Amino acid sequence: MKRSLALLVALAGLAATAPADAQRLRDRLAERAAARAEAKLTATPAPEGVLRDLNVSYGPDKAQVFDVYRPKAAQGAPIVVMAHGGGWRIGDKAMGKVVDNKVPWLTGQGFIFVSVNYRMLPDADVATQARDVARAIAAVQAKAAAWGGDPSKVVLMGHSAGAHLVSLLAADPTIAAREGAKPWRGVVALDSAAMDVPSIMSQRHMKLYDEAFGSDPAVWKDLSPLARMKAAPAPLMMVCSSRRAESCPQAQALADKAKSLGGQASVLPQDLSHGEINAKLGEPGAYTDAVARFLASVVR
C-alpha cells in the first residue's frame, strides 16, 4: 500500500516537473517497477521437451544460483546466460519478464537458457555483482557438456542492471577470466542506460545510480563499460527503448567505442517501455527476429 501511494505521488508530480527531470523520474519509476519481484516467484513451467534444473549453485552464497532450461535432445547446443535487472538491488532469475517468453523461444531455437541470480546491494557492491555473473558463466561453461551444451558457444544477455553487468564484462573480459570464465561469442544488452557511468554521475541523475556507483570518480570509471573498453569486444547487440531519454545515446556510445576498436556492434532502438524490452523478447515479431538473427550469427 505504501509503495502504491508513493508511486501515485511521484506520478502526480510529473506534471509540475521540467521535461528533462520528468523523463528521469519516469525512467526511475520504470526501473523500479520493471525490476520489482513478484510476491510469490515460481519457476516458469518447462515447455514440452524441455528439462529444468533449478537453483544450481555456482558459489557458497544462497544468492549464487541459476536455473537451467535445456532441450531434452540437446547436443552441442549454444547457451544464453541471462542476468536479470533490478537496479542492482532487487530482482530474481524466475521473474516472469525474464523467463516466460524467452524460455520457449530460445529452447525452441535449440538454445539452452540459463537465468542467473547474483548477490545485490547492499550486501554486494556492483563490482562484486559483476564477478558473481562472471563466476556463473564459468560454472555454466564447466557444466555445459553434461547438459548437451557447447561451452564454446555462450552468449551473454542482461536486462537493465543486468545489461550493465554483462556489458562491463564484455568491455573488460579480464574481470571474467579471473573468475575462470572463458571467452563467449557475443552479448545482448537489453536497455541499460549505464554504459558511460562518469557522464551519468556528473549530471543530474536518479538516486539508484548513487546507490550503485557512490561518489568516487575512480569507482565510476572502474564500473563504466565505456571507460573499461580498451580492445574490440565480442560482438554486441545493444537494444534500447526509444521512449527513454538516455538509453539509446548510452547504447550508441558503447557501440561506437566497440566499432572504433575494430569490434562489431549494433544498436536496436525499440518503441517499447523499459519493462517491455525485457518481457516481449521471445514474442513473435520483428524485435525477436532481429535478436534471433544476431544470436544465430555469433554461434554458427
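What you are looking at is a predicted structure, and each value in this text was computed from that prediction instead of being measured.
- Contact of the R89 side chain with the P122 side chain is registered, since non-hydrogen atoms from C-beta on lie closer than 4.5 Å.
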Given side-chain contact (heavy atoms from CB on, under 4.5 Å), test I200 with Q250 step by step and report yes or no. CA-CA 9 Å; I200 292 169; Q250 288 272 326; 3.7 Å; yes
Could you go step by step and tell me if S57 and K62 meet the side-chain contact (heavy atoms from CB on, under 4.5 Å) rule? CA-CA 8 Å; S57 176; K62 64 181 181 180; over 6 Å; no
Test log, rule side-chain contact (heavy atoms from CB on, under 4.5 Å), inputs L281 and M157: CA-CA 11 Å; L281 182 58; M157 183 180 288; 4.0 Å; yes
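- Looking only at side-chain heavy atoms (C-beta outward), W147 and V140 come within less than 4.5 Å of each other.
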Quick one, D196 with S224, criterion side-chain contact (heavy atoms from CB on, under 4.5 Å). Give me CA distance, side-chain angles, the key distance, then yes/no. CA-CA 5 Å; D196 184 354; S224 174; 4.2 Å; yes
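- H274 NE2 to S192 OG: the interatomic distance, rounded to the nearest 0.5 Å, is 8.0 Å.
- The salt bridge (Lys or Arg N to Asp or Glu O under 4.0 Å) pairs that include a residue from residues 156-167 number zero, where partners must be two or more places apart or lie in different chains.
- Residues V65 and I112 are members of separate hydrophobic clusters, defined by side-chain heavy-atom contacts under 4.5 angstrom among Ile, Leu, Val, Met, Phe, Trp and Tyr.
- For W220 (side chain) and S199 (main-chain N/O), no donor-acceptor pair under 3.5 Å exists by modelled atom type.
- Among pairs with a residue in residues 125-154, those fulfilling salt bridge (Lys or Arg N to Asp or Glu O under 4.0 Å) read R119-D132, at least two apart in sequence or across chains.
- Across all non-hydrogen atoms, the minimal contact from A46 to R52 is CB-CG, 3.5 Å.
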Only pairs under 3.5 Å count here: list side-chain donor-acceptor contacts from residues 252-263, not counting sequence neighbours, and write none if there are none.
| unit_1 | atom_1 | unit_2 | atom_2 | d |
| --- | --- | --- | --- | --- |
| Q252 | NE2 | D256 | OD1 | 2.8 |
| K257 | NZ | L226 | O | 2.8 |
| K257 | NZ | M229 | O | 3.1 |
| S260 | OG | K257 | O | 2.7 |

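- Shown here are the salt bridge (Lys or Arg N to Asp or Glu O under 4.0 Å) partners of E276, two or more places apart in sequence or in another chain: R243.
- With sequence neighbours excluded, the residues satisfying salt bridge (Lys or Arg N to Asp or Glu O under 4.0 Å) with D172 are R228.
- Linking ILVMFWY side-chain heavy atoms closer than 4.5 Å, directly or via other members, places V99 and L51 in two distinct hydrophobic clusters.
- At distances below 3.5 Å, at least one donor-acceptor pair connects side-chain atoms of S202 with backbone N or O atoms of P198.
- Shown here for M238 and A251, the closest heavy-atom pair between the two residues is CB-CB, 3.7 Å.
- In this structure the side chain of L165 reaches within 4.5 angstrom of the side chain of V126, judged on heavy atoms.
- Listed by first and then second residue, the side chain to side chain donor-acceptor pair (under 3.5 Å) pairs that reach into residues 286-300 come to none, sequence neighbours excluded.
- Among residues at least two apart or in separate chains, there is no disulfide bond (SG atoms under 2.5 Å apart) pair with a member in residues 176-234.
- In this structure, the separation between CG on D100 and CE on M95 is 11.0 Å, given to the nearest 0.5 Å.
- The aromatic rings of Y58 and F66 sit parallel to each other, their planes meeting at less than 30°, with 60° as the upper class boundary.
- Listed by chain and number, the residues in a salt bridge (Lys or Arg N to Asp or Glu O under 4.0 Å) with D53 are R70 (sequence neighbours excluded).
- A distance of 10.5 Å separates OG of S115 from CG of L54, quoted to the nearest 0.5 Å.
- Counting only heavy atoms from C-beta outward, the side chains of V80 and P78 never approach each other to under 4.5 Å.
- Looking only at atom types and distance, the side chain of N278 has a donor-acceptor partner in the side chain of K102 under 3.5 Å away.
- Applying the ring-ring contact (aromatic ring centres under 6.0 Å, His included) test to every pair with at least one member in residues 163-182, sequence neighbours left out, gives these pairs: W88-H164, H164-F213.
- Listed by chain and number, the residues in a side-chain hydrogen bond (donor to acceptor under 3.5 Å, both in side chains) with D123 amount to none (sequence neighbours excluded).
- For the atom pair CD1 of I137 and CD1 of I79, the computed distance is 11.5 Å after rounding to the nearest 0.5 Å.
- Within the structure, ring-ring contact (aromatic ring centres under 6.0 Å, His included) contacts touching residues 247-266 (residues at least two apart or in different chains) do not occur.
- Nearest heavy-atom pair, D61 versus A63, reported as atom, atom and distance to 0.1 Å: OD1-N, 2.8 Å.
- The shortest heavy-atom contact between V98 and D92 is CG2-O, 4.0 Å.
- With contacts defined as side-chain heavy-atom distances shorter than 4.5 Å, the pair V166/M82 does not qualify.
- The OG atom of S242 sits 10.0 Å away from atom CG of L268, with the distance rounded to the nearest 0.5 Å.
- A pairwise comparison of heavy atoms in G87 and L121 identifies O-CD1, 4.4 Å as the closest pair.
- For the atom pair CD1 of I175 and CG of L169, the computed distance is 5.5 Å after rounding to the nearest 0.5 Å.
- With sequence neighbours left out, the ring-ring contact (aromatic ring centres under 6.0 Å, His included) criterion links H84 to Y118.
- In this model, a donor atom of one side chain and an acceptor atom of the other lie less than 3.5 Å apart for N55 and K93.
- Side-chain contact of S247 with D191: a donor-acceptor pair under 3.5 Å is present, judged by distance alone.
- Looking at every heavy atom in both residues, P47 comes nearest to V103 through CD-CG1, 3.8 Å.
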